[in-house]
Amino acid sequence: MKTILTTSPAEAAEFIKRGGIVAFPTETVYGLGANVFDEKAIKKIFQAKQRPNDNPLIAHVGNIEQIKLLVSKINETAQKFTEAFFPAPLTLVLQKAKNVPLIATANLETIGVRMPKNELALEFLKNCETPIVAPSANISGKPSPTTWQAVFEDLNQRIDCILQGEATEVGLESTVLDCTTETPFVLRTGAVTLEQLQKIEPKTRLYKISEMETPKSPGLKHRHYSPQAKVILVSSKFNFQCSKSQAFIGLKKPDSDFEMIKICQSVEEYAHSIFDFFRRCDHENIETIYCEKVAEKGIGLALMDRLKRAAAS
Ligand code: AMP
Ligand code: MG
């Protein structure tokens, strides 16, 4: 299949209308989209990404009204979060509407819904005239794509079109918040922080696997975000034994020399850069990437979550 590159959201949306799959930028990472009501197109997403069938997709809307097409009811808690944050890097999990196909939700009776903030994403969604399910536009298990070039590297000739935008602003995937229970649970941390959510609903808690018997967010159990290189998390005081093919990313410059090094001015910049840095390290055949640990608060919590997963695999 030939993958068309375009900067036109209207041209990209035409592929969706014809049953195709299209990668598009959002403020979190690039997504790979299909019409939520088109089972055949959704199947193509799982194939192109080699995504496990039990990993549900997030539905993206271009306006608040479209949420009604996806969920059976917007409860009071969800209403509060929607009003406080949307459009935002925040996904709300709600009971799904009957006509949302089960392939989109990996057989769950719930669906994750998000209205992205990125202007090109919103323009694309408007042109699609339907909600769009979209996981990250990478091969499953690889670092999420934060540039259209990263999408091209993974999915050229596997998808119909790439809508070319800027590098994504946040660089980490959305915060996923389960609103189906009395206590809203953060299933995946992201740029919308626990602290911000608790300001709107103080009951909000971080989901810990031990708190419930079966994992609530199936995607969390899958291998994720891994470069080919080995990832090691270190503190700024770490005593490096320098050899070739090593890289470092963090906030404070270490004394040792590295083949590749990125010093970030803030935790936000660190989050924004991490997946792109992982990919660049792989291009240079780096063997070990040392990542400086950060405090687990604000977006640092989400960054540490991704770093720990990368280090574990
Ligand atoms: P990705 O599309 O790669 O960013 O992954 C989507 C994430 O959202 C995965 O971790 C999923 O498990 C989670 N997710 C999507 N829909 C649901 C849902 N209905 N219930 C719980 N988690 C969900
Ligand atoms: Mg993903």
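Both counts, for ligands and for their atoms, begin at 1 and track the order of listing.
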Item to check | Interfacing atoms of ligand 1 (cut-off 4.0 Å, heavy-atom, Leu187) | outcome: 21 (C), 22 (N)
Checklist entry - Can any side-chain N or O of Glu201 pair as donor or acceptor with the backbone N or O of Phe81 at less than 3.5 Å? => result no
Checklist entry - Looking only at side chains, do Thr146 and Asp276 share a donor and an acceptor under 3.5 Å apart? => result no
Checklist outcome for this item: Taking only non-hydrogen atoms of Ile111 and a 4.0 Å limit, the atoms of ligand 1 in range are 19 (N)
Checklist entry - Should Lys96 be listed as contacting ligand 1, given a heavy-atom distance under 4.0 Å as the test? => result no
Item to check | Sole residue of Lys49, Gln50, Arg279 in side chain to side chain contact (heavy atoms under 4.5 Å, CB included) with Asp154 | outcome: Arg279
Checklist entry - Looking only at non-hydrogen atoms, which of Glu109, Arg114, Arg51 approaches atom 5 (O) of ligand 1 most closely? => result Arg51
Item to check | Numbered atoms and elements of ligand 1 in range of Ile58, under 4.0 angstrom, heavy atoms | outcome: 6 (C), 8 (O), 15 (C)
Checklist entry - Do Glu153 and Gln149 get their side chains close enough for a donor-acceptor pair, meaning under 3.5 Å? => result no
Checklist entry - Atoms of ligand 1 less than 4.0 Å from Pro135 heavy atoms? => result 2 (O)
Next on the checklist: Has Ser136 got a side-chain atom pairing as donor or acceptor with Asn138's backbone, closer than 3.5 angstrom?
Outcome noted: no
Next on the checklist: Taking the side chain as everything from C-beta on, heavy atoms only, tell me whether Leu92 gets closer than 4.5 Å to Val71.
Outcome noted: no
Checklist entry - Within the stated cut-off of 2.8 Å, is an N/O/S atom of Ser136 closer than that to the Mg ion (ligand 2)? => result yes
Checklist entry - According to a 4.5 Å side-chain heavy-atom criterion applied to Ile, Leu, Val, Met, Phe, Trp and Tyr, with indirect links allowed, do Leu57 and Val61 form part of one hydrophobic cluster? => result yes
Checklist entry - Purely on distance, is any nitrogen or oxygen of Lys49 under 3.5 Å from one on ligand 1? => result no
Checklist entry - Which of the numbered atoms in ligand 1 are below 4.0 angstrom from a heavy atom of Asn55? => result 9 (C), 11 (C), 12 (O)
Checklist entry - Got a sec, which pairs hit side chain to side chain donor-acceptor pair (under 3.5 Å) with one end in residues 111-120, sequence neighbours left out? => result Thr26-Arg114, Glu27-Arg114, Thr28-Arg114
Checklist entry - Of all the atoms in ligand 1, which lie at a distance below 4.0 Å from a heavy atom belonging to Thr110? => result 18 (C), 19 (N), 20 (N)
Checklist entry - What atoms of ligand 1 come closer than 4.0 angstrom to any heavy atom of Leu108? => result 18 (C), 19 (N), 20 (N)
